[in-house]
Amino acid sequence: MKPVLEVANLRVSFASGTRAVRGISLAVQRGETHCLVGESGCGKSVSSLAIMNLLARGATRSADILRFHDTDLLKLTERQMAQLRGDKLAMIFQEPMTSLNPAYTIGSQMAEALTRHRRISRAKALDRAAELLERVGITAPGMRLAQYPHQLSGGLRQRVMIAMALMCDPELLIADEPTTALDVTVQAQILRLLQTLQRELGLALLLITHDLGIVARMAQRVSVMYAGEVVESASAEALFARPTHPYTRGLLECIPIPGASRRDAPLGSIPGVVPRIGPDFKGCGFRDRCAHAAPICAEMAPLQHAAPNHDYLCRLPPDWPEAAAA
Amino acid sequence: MLQFLLRRALLAVLVCLTVLVVAFVLTRLSGDLAISIAGPQATAEDIATIRQNYGLDRPLVVQFFDWAAHAAQGDLGRSYLYHAPVAGLIADRLPITLTLGLSGLAIALLVAIPLGILAAMYEATFVDRAIGIVALIGQAMPSFWIGLVLIIVLGLKLQWLPISGVDTWEGYIMPAVVLAFSAIPALMRLTRAGMIDALASDYIRTARAKGLRPGRIVLKHALRNAAMPVVSVAAVQLGFMLGGSIVIEAVFALHGVGYLAWESISKNDFPVVQAVVLFLAVVYIGLTLLADMMNAVLDPRLRTA
Amino acid sequence: MSLRHFATGLGLLIVGIVLVAGLLAPYIAPHDPFAQDLMKRMIPPEWMDGGSALYPFGTDQLGRDYLSRLLYGARISLLIGTLAVVTSGLIGITLGILGGYFGGRVDDVVMFAITCRLSIPLILVALTVVAFVGSSLTVVVLTLGLLLWDRFAVVARTTTMQVRTLDYIAAAQAAGASRLHILTREVLPNILSHLVVVATLEMALAILLEAALSFLGLGVPPPLPSWGLMIAEGKDYMFFSPWVIMIPGIALFVLVLGINLLGDGLRDMLGTGRRV
Ligand SMILES: Nc1ncnc2c1ncn2[C@@H]1O[C@H](COP(=O)(O)OP(=O)(O)OP(=O)(O)O)[C@@H](O)[C@H]1O
Ligand code: SF4
Ligand SMILES: [Mg+2]
């Protein structure tokens with residue numbers, strides 16, 4: 001089956017010379033959840049903004065493939081891209097506090113997402129907005145629609161952003177840590193809502209998260225990012241059953257044990273820091289922190305298959321964990 | 001919110017009192033006013049009469065409190081040149097100055113806001129730099145000189161516009177344009193700075209993520225937020241323009257408040273001078289208060305606080 | 001070379017040329033700027049019909065050489081601009097630093113002074129002072145100096161507030177340095193770059209204001225060759241001889257533009273950003 005979103009060799013660099021994304025590839029199928037995980041600063045948000053072509057000024061993106069269904073996103077004009085955005089392609093941003101316009105009401109901002117793409121009255125659009133607010137667990141949606149962003153808490157704003165992204169029933173939703181500001185019950189409600197939409201409408205979901213609990217619950221596929229690269233990509237079961245990249249193994253070793261650690265504790269309590277990746281960087285980005293680093297790692301890290309549809313970026317052979325254990 | 005406005009009002013009253021003192025002191029700077037009023041040919045007797053008629057024989061403190069008390073009740077004294085109440089003189093000439101100031105401000109905003117938006121949208125490109133330099137050029141031209149040049153070119157050579165007076169509305173065009181010149185650079189820079197901040201904000205990214213068209217993003221989402229400081233500065237600029245209109249009124253021979261002040265200054269008509277200084281200051285203070293209130297209305301964070 | 005650099009260089013060049021012209025006026029002026037010759041009134045500039053190489057920029061309504069008056073006029077503009085900025089800078093910077101450093105009541109007073117100053121109509125008050133005190137170069141300089149300090153105060157105040165919390169100022173305080181020492185040796189040098197930019201703006205403003213006052217007949221007294229006064233005196237002849245107002249007007253425009261370009265360049269170089 002053709003994927004809803006297909007990305008190959010996506011690269012983003014900033015005017016400062018930083019290579020924030022260095023050739024990532026991934027695909028999201030209809031009705032599927034693809035989780036993007038990795039520690040802070042590894043390039044998750046920049047990747048998703050690049051897909052939406054919403055990067056800040058001074059950023060350049062390139063890719064071999066960037067396809068939404070049959071549409072080549074690389075070839076679209078800004079005008080054509082704008083027709084897709086908010087309609088078939090929606091995004092929830094990581095920054096709920098600042099992502100709503102302080103000068104307009106929630107209702108006005110939500111309604112325009114729908115009236116832009118559908119021939120529909122403002123009143124109907126507001127009805128739709130109220131319905132979605134209710135579905136993301138906001139009580140008294142009528143009152144909320146008339147309020148301004150500053151009158152809402154962070155959790156409420158995050159839910160408004162989620163509801164706003166769903167206004168046009170998108171086919172692909174990119175959600176950048178959509179539930180960080182929410183408490184556990186609301187988070188569960190939102191995740192259930194997203195799963196319902198996937199079942200009913202076939203929504204494809206690219207979910208960025210720090211929370212391996214959410215990954216375990218939602219994901220069919222997982223891509224693990226490190227320093228601008230996808231270092232391991234596999235189905236969720238395969239990844240949890242046989243993590244192969246040393247970084248992934250490190251991550252899984254610090255999965256929060258319920259009750260023993262904070263829910264949103266940062267990933268990767270692996271010692272060391274991420275290197276700054278400039279234009280001349282080569283070799284494995286993880287080598288400064290890797291217990292298995294060898295001289296060759298400063299030159300290159302090959303792409304290898306651990307199993308069909310299970311790839312990783314490391315010099316070690318697929319069976320190294322067993323070999324190490326033996 | 002209410003408390004904020006009350007504090008602003010109290011401050012305004014204090015500033016008014018200070019200006020009252022300043023305006024009074026200014027007109028006493030010449031030493032003996034009666035001698036300057038009477039002129040060089042006056043006899044000692046003339047001077048004594050003038051002194052008495054205008055109450056200048058009283059101690060300064062008494063003069064001040066007498067004037068201040070009357071001014072507080074709206075009685076600004078009598079002009080000895082026109083033999084009429086100053087308040088009436090100002091009221092007669094106010095429409096001209098006000099028309100001039102308001103049309104000048106309108107022109108300034110019509111030019112400055114689009115240029116500021118354009119410069120922000122093309123920040124750090126040739127367009128931005130060129131607009132910045134045009135603003136510098138505008139800022140460097142003496143307004144009275146622009147007025148004279150326009151009179152020569154548009155009034156005399158091309159004969160498109162009347163060169164003085166405001167018998168028809170066309171008479172206001174040149175003076176209003178010249179007055180606008182002085183306000184354009186500041187308003188333009190402010191619009192540009194506000195738009196740059198707004199355009200780089202997360203909520204603009206949200207607007208783009210909704211697929212909104214560029215025009216709507218810039219004019220609805222960015223401009224609305226960038227406009228708040230522009231509104232308050234525009235009010236302040238109107239205050240400056242009303243004060244600065246004295247030069248323009250002199251160039252175009254418009255008999256507004258500025259012209260009245262210029263005449264009175266040249267002829268030592270001190271009751272008019274101190275009254276106009278006070279009047280313009282009060283108008284300015286009123287405008288800054290108005291600006292605060294407009295911001296409170298425009299900014300939902302202030303409005304609903 | 002970018003437009004930016006070109007503009008800054010141009011500003012520097014203009015200000016340099018006017019400065020040299022003003023300083024060397026007594027040596028390079030072809031005639032005495034005050035010498036009247038009623039037989040040679042309103043001679044047009046050399047490049048126009050009826051012009052003469054003897055009077056490159058023509059003569060005015062009293063037969064005085066226009067180029068010489070222009071050169072001497074540069075002195076007046078620069079002198080007034082500089083002295084007014086020094087005066088207003090002293091007042092504004094002192095007030096601003098005091099308000100920004102001490103905060104509280106002191107700052108309230110400073111803010112109040114700034115508000116009062118802004119409420120007072122600038123040109124009107126300047127005209128009144130000159131009219132009632134009597135017009136002379138000194139009066140004009142002092143009047144402008146006493147009126148143009150507000151922007152110095154605003155900028156000095158905000159920048160001092162930012163500098164105040166820096167570590168080494170706290171260290172100097174802890175080391176028991178006197179307040180005067182801290183304000184003049186630690187605070188002032190750190191905010192100076194912002195103030196330099198303000199100084200260029202205020203200098204341009206002072207020059208324009210002097211011209212406006214002189215134009216209205218209440219600036220520097222005749223027969224001094226102030227550019228504003230030259231425009232005022234030429235006004236009656238401008239319909240038939242537009243050059244009488246074009247020459248001093250363009251001189252004013254070019255000088256002020258030069259100062260502004262220089263200030264803009266400094267703002268970029270010193271990285272003071274949009275704050276000023
Ligand atoms: N506008 C920008 N200009 C320059 N560098 C940027 C910009 N935005 C992001 N970066 C850099 O790109 C890298 C990736 O940032 P990104 O926001 O994608 O991280 P992230 O994986 O989303 O982290 P987090 O989990 O904290 O959200 C970081 O090193 C960041 O400093
Ligand atoms: S390539 Fe080398 S440094 Fe990188 S993860 Fe593999 S073993 Fe570690
Ligand atoms: Mg992120």
Side-chain angles (χ1 to χ4, degrees), chain A residues 15 45 48-49 51-58 78-106 108-118 146-152 157 160-161 164-165 167-168 170 173-174 176, chain B residues 1 4 113 117-129 191-232 294-305:
Chain A
S45 298
S48 55
L49 291 172
I51 293 169
M52 297 289 286
N53 199 15
L54 288 175
L55 288 166
R57 263 218 251 173
E78 174 57 28
R79 199 193 164 90
Q80 293 165 322
M81 190 66 201
Q83 268 160 7
L84 279 181
R85 275 199 301 251
D87 186 1
K88 296 189 167 135
L89 250 172
M91 176 157 182
I92 301 164
F93 296 107
Q94 197 178 0
E95 299 85 7
M97 295 309 284
T98 50
S99 288
L100 288 164
N101 191 329
Y104 295 100
T105 58
I106 303 301
S108 141
Q109 297 187 56
M110 288 186 71
E112 78 181 347
L114 193 55
T115 51
R116 158 71 171 93
H117 299 289
R118 305 273 186 280
Q147 286 187 318
Y148 288 91
H150 74 273
Q151 293 167 302
L152 271 53
R157 287 189 219 185
V160 167
M161 293 299 297
M164 195 156 83
M167 283 296 278
C168 290
L173 177 65
I174 301 179
D176 195 348
Chain B
M1 184 66 220
F4 167 74
I113 291 180
I117 294 175
L118 217 58
M121 287 173 66
Y122 297 98
E123 189 198 350
T125 64
F126 182 81
V127 177
D128 182 20
R129 303 260 150 80
T191 308
R192 174 181 177 274
M195 284 298 287
I196 286 175
D197 286 347
L199 287 174
S201 67
D202 287 346
Y203 58 78
I204 291 300
R205 193 177 60 187
T206 308
R208 292 180 61 207
K210 282 189 272 192
L212 300 186
R213 295 185 175 86
R216 195 176 167 89
I217 292 176
V218 170
L219 296 179
K220 181 180 173 190
H221 284 275
L223 186 58
R224 175 60 194 272
N225 286 284
M228 291 177 212
V230 176
V231 165
S232 41
M294 289 209 308
N295 259 343
V297 173
L298 271 181
D299 187 342
R301 282 163 292 194
L302 292 175
R303 193 190 328 151
T304 54

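So you know, we letter chains A, B, ... as the sequences are listed, proteins then strands, and number each from 1. Values below: all heavy atoms of this structure, side chains included; hydrogens, waters and symmetry mates excluded. For clarity, every value in this text was computed on a predicted model and none was experimentally measured.
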In terms of heavy-atom proximity below 4.5 Å to chain B, should A:Leu100 be classed as side chain, backbone, both, or neither?
backbone
Which bit of A:Ile174 comes within less than 4.5 Å of chain B, counting heavy atoms only: side chain, backbone, both or neither?
neither
In terms of heavy-atom proximity below 4.5 Å to chain B, should A:Arg79 be classed as side chain, backbone, both, or neither?
neither
Would A:Leu49 and B:Arg205 count as a side chain to side chain contact (heavy atoms under 4.5 Å, CB included) if you check the C-alpha gap in whole Å, the side-chain angles of each, and the deciding distance to 0.1 Å?
CA-CA 10 Å; A:Leu49 291 172; B:Arg205 193 177 60 187; 3.8 Å; yes
Do you know which of A:Met167, A:Met161, A:Glu95, A:Met97 has the most heavy-atom pairs under 4.5 Å to chain B?
A:Glu95
Who passes side-chain contact (heavy atoms from CB on, under 4.5 Å) against A:Gln80, sequence neighbours left out?
A:Leu76, A:Thr77
With a 4.5 Å heavy-atom cut-off (strictly below), which parts of residues 212-219 of chain B touch chain A? List them by number.
B:Leu212, B:Arg213, B:Arg216
So which part of A:Ala56 gets closer than 4.5 Å to some heavy atom of chain B, the side chain, the backbone, both or neither?
neither
Is the backbone of B:Lys220 close enough, under 3.5 Å, to the side chain of A:Tyr104 for a donor and an acceptor to pair up by distance?
yes
Could you report the tightest heavy-atom contact between B:Arg224 and A:Ala103, atom names first, then the distance?
CG-CB, 3.5 Å
Criterion side chain to side chain contact (heavy atoms under 4.5 Å, CB included) on B:Arg208 and A:Glu78, from CA distance to verdict
CA-CA 10 Å; B:Arg208 292 180 61 207; A:Glu78 174 57 28; 4.0 Å; yes
Without swapping roles, check the side chain of B:Lys210 against the backbone of A:Met164 for a donor-acceptor pair under 3.5 Å.
no
Full working for side chain to side chain contact (heavy atoms under 4.5 Å, CB included) between A:Asn101 and B:Asn225:
CA-CA 8 Å; A:Asn101 191 329; B:Asn225 286 284; 2.8 Å; yes
For the interface with chain B, which of A:Gly86, A:Pro149, A:Cys168 has the highest count of heavy-atom pairs at distances below 4.5 Å?
A:Gly86
The criterion is side-chain contact (heavy atoms from CB on, under 4.5 Å); which residues satisfy it with B:Asp128, sequence neighbours excluded?
B:Ala119, B:Glu123, B:Thr125, B:Arg192
Top residue by heavy-atom pair count (under 4.5 Å) with chain B, among A:Met91, A:His117, A:Met81, A:Gln83?
A:His117
Do any pairs count as a ring pair (Phe, Tyr, Trp, His ring centres under 6.0 Å) and have a residue in residues 198-220 of chain B, sequence neighbours left out, and if so which ones?
none
Counting only N and O atoms by type, is there a donor-acceptor contact under 3.5 Å from the side chain of A:Ser99 to the main-chain atoms of B:Thr206?
no
